[in-house]
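Taking it in order: structure first as structure tokens, then the write-up.
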Amino acid sequence: MKSLVIVESPTKIKTLKKYLPAEYVIDSSMGHIRDLPANAKEVPKKFKGEEWANLGVNTEKDFEPIYVIPRGKKKVIKRLKKELKNSDELILATDEDREGEAISWHLTELLKPDVPVKRMVFREITEEAIKEALNHFRDIDMNLVNAQEARRIIDRLAGYTISPLLWKKIAPGLSAGRVQSVAVRFMVERERERMKFRSARYWDLKAQLHKENDEYIFDADLTHLDGKRLASGKDFDEHTGKLKKPKKVVLLDDKSASELRDNLDKAEWKVSEVKKNRKKRNPSPAFITSTLQQEANRKLNFSAKRTMGVAQKLYENGYITYMRTDSARLSGQAINAARNAVKDEYGEEYLFDRPRNYGGQKAAQEAHEAIRPAGSYFRKPEEAGLRGDQFKLYDLIWKRTIATQMAKAELEFTNVTIEAKANGKVAEFRTSGKRIVFPGFFRAYVEGSDDPDAALENQEKFLPELKEGEEVVEEGIEPISHETKPPARYTEATLVKELEKRGVGRPSTYASIISTVQNRGYVEAEGKTLVPTFTAFAVTELLEKNLHDLVDSDFTSEMEAKLDKIARGELNTNDYLSEYYKGEKGLKAKVDEQEDEIDPKEARHLDLPLENLNGIKVFVGRYGPYIKKEMNGEELSTSIPDSWKPSDITVEKLEELIKAEQEGPKSIGEHPETGDPIFVLNGRYGPYVQLGEVTEDNKKPERASLLKGMKPGEVDVDLALRLLELPRPLGKHPETDKVVRAGVGRYGPFVVHDGTFASLKKSDSVLDVELDRALELLEQKKNKSSRKSNVIKELGDHPEEGKKVRVMTGRYGPYIKFGKTNISLPDDFDPEDVTMDIAMQLIAEKAK
DNA sequence: CAGTGAGCGAGCTTCCGCTTGACTT
């Protein structure tokens with residue numbers, strides 16, 4: 001009897017083969033195999049023209065979805081169909097979650113098997129788990145499939161109904177969705193907080209103290225003055241920068257802090273209280289997708305995308321378990337392996353007295369276990385034979401997993417209060433010590449730190465043994481100034497953490513959410529931080545005002561609750577979708593109404609959380625953000641510079657822009673001979689320099705673009721003149737006596753002679769290039785063009801395989817041709833610099 | 001080429017969640 005087993009991921013096949021009977025054929029669906037049509041092109045002909053065709057869902061007939069096979073999936077289906085013909089039964093072994101159940105159902109719909117169909121589920125690929133699964137087949141759970149379909153349709157209805165509203169009201173190509181719009185709003189809200197933030201300054205004192213007859217100096221900070229608490233950061237209102245409860249605290253400024261210091265210099269210092277307490281710490285749970293992305297971002301500086309790429313490689317090569325999971329559960333095998341590793345590495349005393357498992361409670365959709373080293377023996381990072389990113393990430397996963405089975409860390413905290421009395425005033429200082437009584441899991445893993453040894457030291461803070469009533473000696477006191485800081489912008493790590501916490505998005509999508517919001521122009525990455533754009537503000541404002549559900553993370557949790565009901569058979573999909581989409585309060589009616597009511601001009605106007613904009617209005621427009629102000633009946637408008645972020649905006653800065661616009665461009669200097677003013681301006685094609693003003697008799701002043709990498713602010717008269725000089729004569733060609741020039745064209749800097757152009761190399765500068773170099777480039781070009789077709793360079797025969805190796809130029813850039821294989825050249829290579837050695841290396845990499 | 005923000009209008013843009021390898025010069 002032959003069985004066809006279908007799983008989701010091809011990488012599972014190899015392992016699964018070990019535990020299934022030999023006559024079983026295993027293949028994979030590679031994820032979903034059918035979906036709603038993505039665009040008009042994918043909609044089947046017979047539905048075109050229907051009002052709902054673009055949605056791919058028949059909103060007029062029970063929300064019947066149209067399913068199509070995406071382009072790339074046809075091949076998979078063909079192969080599966082062929083294999084099914086030779087099988088006596090079909091076993092569907094897709095993941096045990098909502099999406100997996102749906103994939104199984106789509107498979108039966110598409111393959112139309114006439115042999116028995118069985119549904120098989122397992123959570124780990126071990127012998128026992130597979131045996132167990134083979135003995136407990138079940139049927140496809142149609143309720144669960146319905147829940148997935150409802151989820152899919154809700155997302156489609158929301159996304160494809162609301163996005164077009166944004167195209168009409170704000171800008172074409174924008175998008176809205178249950179997940180992305182919430183993510184964008186998080187960032188916009190944080191940016192608003194930053195705009196409203198008013199910083200505050202306060203002072204305290206730091207005293208350097210030591211015991212008598214002991215040289216060790218420790219610091220203590222002033223906390224109370226005559227029994228009243230000293231103001232610190234949390235006492236200030238974020239939006240006003242003022243104290244929340246001024247009567248409850250003492251606020252020191254520059255002057256009063258210095259005075260107090262002088263006063264206390266003659267004081268008596270005495271320990272008034274010593275408190276000790278011990279605390280135990282538990283290790284963090286094993287990694288799930290979101291925590292792995294966060295920690296890799298913090299410790300290794302990886303983006304979410306990079307982390308997932310590296311994890312995928314580790315998974316494929318059998319180093320770790322599946323990397324897209326929301327369960328921190330460890331299998332019995334994993335716990336054993338981790339405990340063995342702890343014993344080996346750190347000894348019995350570091351082992352927790354019993355197996356520890358965090359994933360016991362039910363996660364949202366538990367199809368996989370935690371991300372951990374694969375197998376029943378955890379290879380040590382050093383012996384795994386990994387390099388680079390893969391080593392770093394495996395090391396992180398290994399340590400985190402091991403730590404879960406390690407003993408608790410025990411810390412001892414000492415809090416000491418010291419009183420200083422002078423001139424009838426009592427100042428209270430505090431200091432604290434921290435000692436690791438037993439490091440426990442700290443030995444392997446400290447969250448947020450990449451070096452456990454260094455982190456261990458940071459965890460400790462030494463304090464000499466002090467007794468109540470003991471006198472101490474003061475060595476110096478200094479006033480310290482502090483400033484309150486605005487809330488930090490999101491990073492990839494903190495955004496993923498927030499999304500995960502609110503149940504928005506799935507492990508397989510965290511990384512792509514970040515790309516989506518960037519691609520739509522809602523967010524720009526600035527180093528590690530994610531900065532929302534002005535467009536993000538406009539879109540979020542529109543959604544908050546008119547379609548509040550969509551930007552509320554509760555929408556997802558409410559949806560999940562309904563989907564759970566559908567999955568339990570307590571709610572009908574059609575009822576749920578009708579309620580959401582149809583009727584007076586439904587989405588359709590709401591969007592239709594807003595299409596009439598929202599004024600595009602008003603939608604593009606930003607309602608920034610700034611007080612008194614002094615009549616200045618901020619808009620997003622076709623060419624980016626701009627401002628408008630009415631002055632003396634005249635409307636002045638000007639762009640906001642590209643580099644500005646929303647939270648950079650202050651009324652003062654906007655006034656400056658308006659003033660600059662009123663005064664017109666300022667020249668950077670004058671032409672040394674003619675005396676004409678020189679301007680650096682910004683145009684449609686980027687920054688440029690201009691000689692002279694635009695007047696009636698000088699309609700086309702001389703202009704020249706800045707070269708790549710030049711900064712407008714750094715251009716002086718000398719540089720401007722050299723730019724205006726282009727194309728620049730370099731001298732005469734020794735053979736033809738014709739002039740050779742250097743200039744900049746559409747495809748970059750070039751030299752030209754007698755109608756023949758040659759591009760400059762990256763290392764050449766068009767401002768400095770000399771005649772000799774130009775002749776050299778022209779000569780190379782001449783040789784090249786005499787050669788046939790698109791060959792840039794012949795490298796000769798491959799020393800091992802004998803076939804010819806050439807560097808070619810193609811439609812998508814330069815590539816290496818080797819027999820029938822083509823390898824495109826990585827961006828950082830100059831085709832001219834490619835040698836046989838480099839080519840061989842690239843060929844070898846490709847073969848791998 | 002060169003600071004804009006008005007309007008004309010065919011056909012297009014867009015969602016979330018599973019999953020990798022196949023492109024083309």
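Protein chains get the first letters and strands the later ones, always in sequence-line order, with residue 1 at the start of each. In what follows, every heavy atom counts, from backbone to side chain, and hydrogens, waters and symmetry copies are set aside.
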message: Would A:Arg520 and A:Tyr522 count as a cation-pi pair here, with the cationic atom under 6.0 angstrom from the ring centre and within 45° of the axis?
response: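 Judged by the rule (NZ or CZ under 6.0 Å from the ring centre, within 45° of its axis), A:Arg520 is not positioned above A:Tyr522.
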
Within the structure, does a side-chain N or O atom of [X] lie under 4.0 Å from either OP1 or OP2 of [N]?
X: A:Ser9; N: B:dT20; result: yes
X: A:Thr509; N: B:dC16; result: no
X: A:Arg520; N: B:dT14; result: yes
X: A:Gln180; N: B:dC15; result: yes
X: A:Arg151; N: B:dC15; result: no
X: A:Asn39; N: B:dT13; result: yes
X: A:Thr11; N: B:dT20; result: yes
X: A:Ser508; N: B:dC18; result: yes

Can you tell me which nucleotide in [options] comes closest to the side chain of [X]?
X: A:Ser639; options: B:dA2, B:dT4, B:dC15; value: B:dT4
X: A:Ala38; options: B:dC15, B:dG5, B:dC18; value: B:dC15
X: A:Arg703; options: B:dA6, B:dT14, B:dA2; value: B:dA2
X: A:Thr516; options: B:dC15, B:dA6, B:dG17; value: B:dC15
X: A:Tyr623; options: B:dG17, B:dG5, B:dC15; value: B:dG5
X: A:Arg178; options: B:dC18, B:dT20, B:dC16; value: B:dC16
X: A:Tyr688; options: B:dT14, B:dG17, B:dA2; value: B:dA2

- request: For residues A:Glu64 and A:Trp52, determine if any side-chain heavy atom of one lies less than 4.5 Å from a side-chain heavy atom of the other.
  value: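 No, every pair of side-chain atoms sits at 4.5 Å or beyond.
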
query: With a 4.5 Å heavy-atom cut-off, do A:Ile627 and A:Ile640 have their side chains touching?
result: yes

Value in whole Å for how far the [atom2] atom of [N] lies from [atom1] of [X]:
X: A:Glu96; N: B:dC18; atom1: CD; atom2: C1'; result: 16 Å
X: A:Lys73; N: B:dA22; atom1: NZ; atom2: P; result: 13 Å
X: A:Asn519; N: B:dC15; atom1: CG; atom2: C1'; result: 14 Å
X: A:Glu702; N: B:dA2; atom1: CD; atom2: C1'; result: 14 Å
X: A:Phe619; N: B:dA6; atom1: CZ; atom2: C1'; result: 15 Å
X: A:Leu36; N: B:dC18; atom1: CG; atom2: C1'; result: 14 Å
X: A:Leu499; N: B:dG17; atom1: CG; atom2: P; result: 10 Å
X: A:Lys628; N: B:dG3; atom1: NZ; atom2: C1'; result: 13 Å

Remember a base hit wins even if backbone is also touched, and classify [X] as base, sugar-phosphate or nothing at under 4.0 Å, heavy atoms.
X: A:Ile162; value: nothing
X: A:Gly56; value: nothing
X: A:Gly31; value: base
X: A:Thr94; value: nothing
X: A:Ser163; value: base
X: A:Gly505; value: sugar-phosphate
X: A:Gln148; value: nothing

Is there a donor and acceptor pair closer than 3.5 Å between the side chain of [X] and the base of [N]?
X: A:Ser512; N: B:dG17; result: no
X: A:Arg324; N: B:dC18; result: no
X: A:Asn54; N: B:dT14; result: yes

message: According to side-chain hydrogen bond (donor to acceptor under 3.5 Å, both in side chains), who are the partners of A:Lys588, at least two apart in sequence or on a separate chain?
response: A:Asp592

- request: Could you please spell out the steps behind the side-chain contact (heavy atoms from CB on, under 4.5 Å) verdict for A:Phe186 and A:Val504?
  value: CA-CA 12 Å; A:Phe186 283 159; A:Val504 177; 5.6 Å; no

query: Mapping A:Met323 and A:Arg152 onto DNA chain B by nearest heavy atom, which one lands closer to the 5' end?
result: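 Its nearest nucleotide lies further toward 5', so the answer is A:Arg152.
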
statement: The answer to which of A:His32 and A:Leu157 contacts DNA chain B further toward the 5' end, by nearest nucleotide, is A:Leu157

field: A:Glu560/A:Arg98 ion pair, N-O < 4.0 Å
entry: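 Looking at A:Glu560 and A:Arg98, the cut-off is met.
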
query: Can A:Trp167 be said to stack with the base of B:dT13, given centres closer than 5.5 angstrom and planes under 30 degrees apart?
result: yes

field: A:Tyr626 ring over B:dG5 six-membered base ring, under 5.5 Å and 30°
entry: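 Here the ring of A:Tyr626 and the base of B:dG5 are stacked, with centres under 5.5 Å and planes under 30°.
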
message: Once you measure the plane-to-plane angle for A:Phe619 and A:Tyr626, does it fall in the parallel (<30°), tilted (30-60°) or perpendicular (>60°) bin?
response: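 It falls in the parallel class, under 30°.
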
field: Span that lies between the C1' atom of B:dG9 and that of B:dT13, in whole angstrom
entry: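 B:dT13 and B:dG9 have their C1' atoms separated by 15 Å.
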
- prompt: Is the ring centre of A:Tyr580 less than 6.0 Å from the ring centre of A:Phe555?
  reply: yes

